[in-house]
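Structure first, commentary second.
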There are 2 protein chains.
Amino acid sequence: MLTTEEKIAELVRTLPMYIGFLLDGIEIKYPIKLNVSEAKTLLFLHKREGNPMSEYSKKVGLTKGSFTAVADRLEKKGLIKRVAVSDDRRKNALILTEKGKAAAQKIDSLFNQHISNKIARLNDEELNNLKNALEKTIAIIEKIK
Amino acid sequence: MLTTEEKIAELVRTLPMYIGFLLDGIEIKYPIKLNVSEAKTLLFLHKREGNPMSEYSKKVGLTKGSFTAVADRLEKKGLIKRVAVSDDRRKNALILTEKGKAAAQKIDSLFNQHISNKIARLNDEELNNLKNALEKTIAIIEKIK
DNA sequence: AGATTATAGTTTGGATTCTAACATTAATAA
DNA sequence: TTATTAATGTTAGAATCCAAACTATAATCT
């Protein structure tokens, strides 16, 4: 018999596969070709811009070294800009350009549509249960960081 | 105001970051150097071996092309073996060698220990809530595949 | 049966990511 | 203040991953 901790460890191992299923088949056919990391970065910027690069690299799940390359590519494509942060000269904040805002908006709605399609077969109760379970999971993990 | 679907989409976006937090800092200091994909593969094999390669590639979250290389490396390190499946000659089942079993066991307990440490500050009620929330999430996603 | 389509796994070349060392700036300690 | 340690971001080379074409086998259709 597994302890609660062992059971949680097992669930944590398998969860990424299920998230992967939800994301599977998504197509980011924005005129400018974007890979997953670039799209994710735009989505997080769309939600909230102006944070230093390290914030976004954590959210996207890349090491800072890798994220530098992502920011380089997005900047080269004219979708974001690095801007100085007044109180700490080591930091670069990221902001969306106008073109980047339009792209982010588009990707945001594509992403929402994709998830909507995936969960379309769930009834209202199941949808609420899923939402609550996700919120609960995140709230508890929030507590331990 | 967000719809339930939009809220779920937002949670799905951020969940990987929280899983990342739970995994952060884990050290697989097994004598033989293993990367994350190799370690994951051993963990899934430890749970259940003898499935065809495609099963494990899905669980680990790699394309089949990438997974071929992972299996190659694990085989070269003497931790797994490809074995023929009687009823379908396209398939290769994976099994652990004795050395692989020992490694998997070790990694499994390191992983459990790591998660235990991460969630050590939670009380019994929170632990149960986390377990239930994770189980619920997975159960609902199971329904739509 | 023979043809067509689908599935499992491999290969290859290019893209992406990781690790580790580094430069710069900030925070802390002596 | 000066020295030490920590944090932010970049760089470079090696490792890993992806996409697409391919081989081999199985399943389905006519």
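The figures that follow rest on heavy atoms only: side chains count, while hydrogens, waters and symmetry mates do not. First the proteins, then the strands, lettered A, B, ... as listed; each starts at 1.
The listed nucleotides are C:dT25, D:dT10, D:dC17; the one nearest the side chain of A:Arg82 is D:dT10. Taking only side-chain atoms of B:Ser37, from C-beta outward, the nucleotide of D:dC17, C:dT16, C:dA26 with the closest atom is D:dC17. Out of C:dT11, D:dC18, D:dT11, the shortest distance to the side chain of B:Leu62 is found at D:dC18. Residue B:Ser66 places its side chain closer to D:dC17 than to any other of C:dA8, C:dC18, D:dC17.
One interatomic measurement links the two molecules: NZ of B:Lys91 to C1' of D:dA27, which rounds to 12 Å at whole-angstrom precision. One can place CZ of A:Arg73 at 13 Å from C1' of C:dG14, the figure rounded to the nearest angstrom. Summarising the geometry, the separation between CE on A:Met53 and P on C:dT24 is reported as 17 Å, rounded to the nearest angstrom. The nearest whole Å value for the distance from the CG atom in A:Asp88 to the C1' atom in C:dT28 is 15 Å. Remark: C1' of D:dA15 and CD of B:Glu38 are 10 Å apart, rounded to the nearest angstrom. Between B:Lys64 atom NZ and D:dC22 atom P the separation is 14 Å, expressed in whole Å.
At the heavy-atom level, A:Ser54 lies under 4.0 Å from the strands shown only through sugar-phosphate atoms.
B:Ser54 and B:Ser57 are not linked by any side-chain donor-acceptor pair at a separation below 3.5 angstrom, with hydrogens and angles left out of the test.
For B:Thr63, a side-chain nitrogen or oxygen approaches OP1 or OP2 of D:dC18 to under 4.0 Å. OP1 and OP2 of D:dG9 both lie 4.0 Å or more from every side-chain N or O belonging to A:Asn92.
Both cation-pi conditions hold for B:Lys118 and B:Phe21: the charged atom is under 6.0 angstrom from the six-membered ring centre and inside a 45 degree cone around its axis.
Side-chain atoms of B:Arg90 come within donor-acceptor range of the base of C:dT7, with a qualifying N/O pair under 3.5 Å.
If you find the closest nucleotide of DNA chain C to B:Ala71 and to A:Gly65, the one lying nearer the 5' end belongs to B:Ala71. When the nearest nucleotides of DNA chain C are assigned to A:Val70 and B:Lys33 by heavy-atom distance, the more 5′-ward of the two goes with A:Val70.
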